[in-house]
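Since the structure is predicted, the reported quantities are computational estimates derived from the model, not experimental observations.
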Amino acid sequence: MPERSLMGIVARTAYWVDWWQRFGPASGNEPKLNDPFGRYVITTFVKGTNMGPYEAARHIPGVSGHELAYVANRHFSIVLLNEAIADLVNAHARLDISQAWGDGTTVAADGTHMDTYLDNLLAETSVRYGKPGGIAYHHISDTYVALFTHFIPCGVWEAVYIIEGLLKNSSEVKPTTVHADTQGQSQPVFALAHLLGFDLMPRIRNWKGLTVYRPGKQTEYVHIDALFGEAGKNVIDWDLIESQFRHLMKVAVSVREGAISSSTLLKRLRSGSKKNATYAAFREVGRVIRTVQLLRYLSDPALRRRVTAATNKTEAFNGFSQWIGFGNHGVIADNDPVEQEKAMKFNALLTNAVIFHNALDIAEIVRQLLEEGWTIEPEDLAHISPYLTEHINRFGEYSTHELGIQPEAYDPKLDVDFTPLREPEPAMAGFGQAA
């Protein structure tokens, strides 16, 4: 891999993808920037690495801390950052090399702890991590890029944001299968995902605490009946689902159209009264879908491998994004929730830019190997991750000379047949038969 600087990576991706064009003043009365391209690239670098504007100005010639802070506050918003992130996701999806890693139909959601200052009144102490801060909750595509990022409090149940990120994803990549960690097993989450057309398949742990439901009291199975517990119990109430089906669909349509956020709905369903018919119907649908997914997970080793691989990508992304966000020891200095959210978006934007640039560098090396007569199999490329860091220079004086060097157009094509990676794995003998 050729040696790169973070500043150069940001500048080249800005030239290629034009994501910097998304940003600008909120009002026409705002003063114009003399060099908007350069200022937006530098600001993205500074905020994406979590450097403070005044600290960054000590290392970057030609800019002041006041100017960097002003541009970040007045020319960047959460909406515009989401649009810029989507631009990079779309450009990455058009690269042939991205087919080595996936087809964009699968996404994995997971959170990682982010430190904040102890005197931050908006932070909460995490029981899971044992320290104060917040959670950066990412939706990572099977092609390694981040489709959407939230900053949520530690005290919030992470699973309620699984659907939210999918609905707010504005890129051309539209996944239909969602993987998550164990927190994604909630029955209401399974129900809402199914009603919205998503196939939720989380990583399964703690099987002893999970109930597998029968479709009827008289239903018995030859080989797996012990999974369902005592005969005649743990039975799905189909009549309740039928009577409440129209209400369930109304709620699902309201979530899809944005009348109510999925996170708000799932919070209410999680703490809702069991006497409420709509809550009970959501729970019952969730029991059906989770039972099917538990049986799929148990009987299909290939599925278990895919779930593990997807959730491992989110863990790798968390480490990669934190490596890029090295400033201020990774501590989020802002107390404003909007600025905390923007900090996560800046980091996701910079991380996606590095992933996109790494993918281009990998593709160029593959072309050189093909020209030298090497045979490159798609399975070989599938084992390469774009989360590469050894060739990237993060420190030192940050030169801005690369901002004025317009790179040659990149080539998204690669003479490798990735069709074999999309072929389904052969089903194991006997698993297609009734139990």
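The distance between the ring centers of His75 and Phe23 does not fall below 6.0 angstrom. Here Phe151 and Tyr137 keep their ring centres 6.0 angstrom or further from each other. A ring-centre distance under 6.0 Å is found for Phe76 and Tyr40. If you look at Phe148 and His150, their ring centroids are closer than 6.0 Å.
Using a distance-only test at 3.5 Å, with no hydrogens or angles considered, no donor-acceptor pair links the side chain of Asn352 to the main chain of Leu88. For Arg283 (side chain) and Thr278 (main-chain N/O), no donor-acceptor pair under 3.5 Å exists by modelled atom type. Listed for the Trp16 side chain is no donor-acceptor partner under 3.5 Å among the backbone atoms of Ala91. Between the Arg304 side chain and the Tyr297 main chain, a donor and an acceptor come within less than 3.5 Å of each other. Judged by distance alone, with hydrogens and angles left aside, the side-chain atoms of Trp20 form no donor-acceptor pair with the main-chain N or O of Thr13 at under 3.5 Å. Proximity of a side-chain donor or acceptor of Glu172 to a complementary backbone N or O of Asn90 within less than 3.5 Å is not detected. Judged by distance alone, with hydrogens and angles left aside, the side-chain atoms of Asp380 form no donor-acceptor pair with the main-chain N or O of Ile376 at under 3.5 Å. Side chain of Asn169 to backbone of Gly165: no donor-acceptor contact under 3.5 angstrom is found. With hydrogens and angles ignored, the 3.5 Å screen pairs a side-chain donor or acceptor of Tyr387 with a backbone N or O of Tyr144. Counting only distance, with no hydrogens or angles, the side chain of Asn50 and the backbone of Gly325 share no donor-acceptor pair below 3.5 Å.
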Quick one, Thr149 with His138, criterion side chain to side chain donor-acceptor pair (under 3.5 Å). Give me CA distance, side-chain angles, the key distance, then yes/no. CA-CA 5 Å; Thr149 296; His138 304 292; 3.0 Å; yes
Evaluate the criterion side chain to side chain donor-acceptor pair (under 3.5 Å) for residue pair Gln293 and Asp199; output intermediate values, then yes/no. CA-CA 9 Å; Gln293 301 296 53; Asp199 184 16; 2.6 Å; yes
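Here Thr314 contributes atom OG1 and Asp110 contributes atom CG; the two are 4.0 Å apart, rounded to the nearest 0.5 Å. In this structure, CZ on Phe317 lies 11.0 Å from OG on Ser141, to the nearest 0.5 angstrom. Note that the OG1 atom of Thr291 and the CD1 atom of Ile236 stand 5.5 Å from one another [nearest 0.5 Å]. Put simply, CD on Glu364 and CG on Leu369 are 10.0 Å apart, with the number rounded to the nearest 0.5 Å. If you take CZ on Arg12 and CG on Leu360, they are separated by 10.0 Å, rounding to the nearest 0.5 Å. Summarising the geometry, atom CG belonging to Leu295 is positioned 5.5 Å from atom CD1 belonging to Ile224; distances are rounded to the nearest 0.5 Å.
Here the side chains of Gln99 and Asp103 are not in contact, with every heavy-atom distance at 4.5 Å or above. For the pair Phe45 and Ile60, the minimum side-chain heavy-atom distance is below 4.5 Å. Taking the side chain as every heavy atom from C-beta outward, His92 and Val89 never approach each other to under 4.5 Å. For the pair Val251/Leu195, no side-chain contact is recorded, criterion being any heavy-atom separation below 4.5 Å from C-beta on. Tyr161 places a side-chain heavy atom less than 4.5 Å from the side chain of Ile152. Considering only heavy atoms from C-beta on, Val10 comes within 4.5 Å of Leu350 through its side chain.
Between Thr106 and the options Met201, Lys313, His179, a side-chain contact (heavy atoms from CB on, under 4.5 Å) holds for only His179. For the pairing with Tyr213, the side chain to side chain donor-acceptor pair (under 3.5 Å) check across Lys233, Arg290, Arg287 returns one residue only, Arg287.
By the 6.0 Å contact criterion, CZ on Phe326 is enclosed, its count of non-hydrogen atoms from other residues, nucleotides or ligands being greater than 12. Counting heavy atoms of neighbouring residues, nucleotides and ligands inside a 6.0 Å radius, atom NZ of Lys174 exceeds 12 of them. In Arg74, the CZ atom is not crowded: 12 or fewer heavy atoms of neighbouring residues, nucleotides or ligands sit closer than 6.0 Å.
Scanning all heavy atoms of the two residues, the minimum distance from Ile362 to Ser385 falls at CD1-O, 4.2 Å. Among all heavy-atom pairs drawn from Ala57 and Val63, the shortest one is CB-O, 3.9 Å. Gly104 and Val173 get closest at one heavy-atom pair: O-CG1, 3.4 Å.
Note on Asp336 versus Lys342: no salt bridge recorded, every NZ/NE/NH1/NH2 to OD/OE distance being 4.0 Å or above. Ion pairing between Arg367 and Asp411 holds under the 4.0 Å rule for side-chain N and carboxylate O.
Judged purely by distance below 3.5 Å, without hydrogens or angles, the side chains of Asn82 and Lys345 pair a donor atom with an acceptor atom. Under 3.5 Å, the side chains of Asn358 and His391 contain a donor-acceptor pair of N or O atoms. Side-chain atoms of Ser170 and Glu83 include no donor-acceptor pair closer than 3.5 Å.
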